[in-house]
2 protein chains.
Amino acid sequence: MTTSAGRTASRGRIDKRQAILDAAFIVFARRGYAQACVQEIAEEAGVAKPTVYNHLNDKETLFRHALTAVTDAVLAENLSVVERLRNPGPDLRATLEDVAYRLIRMCCTKRSRSLRWLTYAQVARFPDLIDLVLSRTSDQLCEALADRLARLSLSGHLRACDPATAAEQLLALITGPMEGRSRLGTRTASTAEMHAVATVAVDTFLRAYGAPENR
Amino acid sequence: MTTSAGRTASRGRIDKRQAILDAAFIVFARRGYAQACVQEIAEEAGVAKPTVYNHLNDKETLFRHALTAVTDAVLAENLSVVERLRNPGPDLRATLEDVAYRLIRMCCTKRSRSLRWLTYAQVARFPDLIDLVLSRTSDQLCEALADRLARLSLSGHLRACDPATAAEQLLALITGPMEGRSRLGTRTASTAEMHAVATVAVDTFLRAYGAPENR
DNA sequence: GGTGATTTGTACTTGCTGGTTCAATTTAGT
DNA sequence: ACTAAATTGAACCAGCAAGTACAAATCACC
């Protein structure tokens, strides 16, 4: 932790910290926490092993920093997708299908899958990471979606309902089937399959929550 | 469960194989695969370390056998719950809520959670286990549920629909929210919370798939 | 009681990996 | 060019766990 963010005393060469964190996530995602050895991370970052320990104290902080960084990135992407519901076009169903499809694509990203997998896999060793990752992804995403659904309900596009549970269920209808179809990320789903899941999820959602004219 | 099943040539003492497998699952669930040392498994089984290697060749086969055994047990329990839909009473909604609630309770079992966690956590090391566990739990459960829903559809209790997707979505509505609420099994959900999730899941399911009089 | 197979305890080898040390080298800024 | 910081490569230590060897003890069965 020589110079963290302030950046007055510049590094001897370029800033290798980011390269190390990126490499750490890649290697952790490839091997898992226990199997990932620091040597491999150093090689992936194009750096010597002691340099890794210069920037991050030990393997655990390396893991935490790498994971939180990716978590923030994934959250930002997800939120930007949900934000599309702020201006629903005349065809609500089409807009929802578009959002659902984009969310599915996000969840199938290598980065997103690795993030879910790593947090789930290390729940025994780092139980607090579950809370951090889950609150910054699922919870905030659900919250944002609930906001949009509430407005849609007020404007008469959806029937009166509890927006929080509606959001929770819509997300479940989207991510649940995809998790099974993709074998927890082992199999890569086709575009057609993702479209199909999105369509059918929105269909049941609108049957349950749509205003009579959208049902 | 001293002597397992057929077992003509009885072991020197009682059959310790089952005790070892049970202990293995317990310890693997407690520590994770990498952190679980064979010594601890042996102690948990009340057995010496070399005895473990007498019955199971190495740590990997130990893991595989323990996991498949638990998989089969969990599947059997889940199937027995879905079987309750074979005789739906006059109140379909109540029956569905009962089944949903029981499934939720199953999913929150320590054994069931450990099974999901272990398979997910070791996907990098044993990718084939994902297929084995998923096909014997999610897939077969979904299949059985689809069978029951198809009959309900034919008998006019549900609207005409594709039973496979209906089952997939009902399971998603049940398990998805619970996975988030329980923080991937970190937090133990209250009975009230489980009932609430079951009720609201069945409600949206019936809004989307119920026959007009059940909607 | 005898016999053969199984179990047990202990100790050992082996291999791997996290983390450190250190002298030599390279780099950035002046 | 000079200095101070950062980087590098290599070696090194410590700990931990998988798997094995082996002699002593124990059990099932006759």
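Computed over heavy atoms, backbone and side chain alike; hydrogens, waters and symmetry mates excluded. Note on naming: letters A, B, ... go to the chains in the order of the sequence lines (proteins, then strands), and numbering restarts at 1 for each one.
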Which residues share a salt bridge (charged side-chain N to carboxylate O under 4.0 Å, His left out) with B/Arg187, sequence neighbours left out
B/Glu193
Using a cut-off of 4.0 Å between protein heavy atoms and nucleotide atoms, how would you tag nucleotides 13-22 of chain D 5' to 3' with B, S and -?
----SSBBB-
Determine which pairs satisfy side-chain hydrogen bond (donor to acceptor under 3.5 Å, both in side chains) with at least one residue from residues 66-76 of chain A, sequence neighbours left out, and list them in order.
A/Asp72-A/Arg136
Not counting sequence neighbours, list each pair that qualifies as a salt bridge (charged side-chain N to carboxylate O under 4.0 Å, His left out) and has a residue in residues 94-107 of chain B.
B/Arg84-B/Asp98, B/Asp98-B/Arg102
Residues which pass side chain to side chain donor-acceptor pair (under 3.5 Å) with B/Thr51, listed by chain and number, not counting sequence neighbours
none
Under the side chain to side chain donor-acceptor pair (under 3.5 Å) test, which residues partner B/Arg64, sequence neighbours left out?
B/Glu60, B/Asp128
Quick check on side-chain contact (heavy atoms from CB on, under 4.5 Å): which of B/Asp22, B/Leu62, B/Ile41 does B/Val27 satisfy it with?
B/Ile41
Between [X] and [N], is there a side-chain N or O to OP1/OP2 distance below 4.0 Å?
| X | N | value |
| --- | --- | --- |
| B/Thr51 | C/dT7 | no |
| B/Lys16 | D/dT26 | no |
| A/His55 | D/dT7 | yes |
| B/Asn54 | C/dT6 | no |

Ring pair (Phe, Tyr, Trp, His ring centres under 6.0 Å) filter on B/Phe28, not counting sequence neighbours, yields B/Tyr33, B/Phe63
Residues in ring pair (Phe, Tyr, Trp, His ring centres under 6.0 Å) with B/Tyr101, at least two apart?
B/His195
Rounding to a whole Å, what distance do you find between A/Phe28:CZ and C/dT17:P?
13 Å
End-to-end bend of the helix from C/dG1-D/dC30 to C/dT30-D/dA1 (five-pair axes, 10° rounding)?
30°
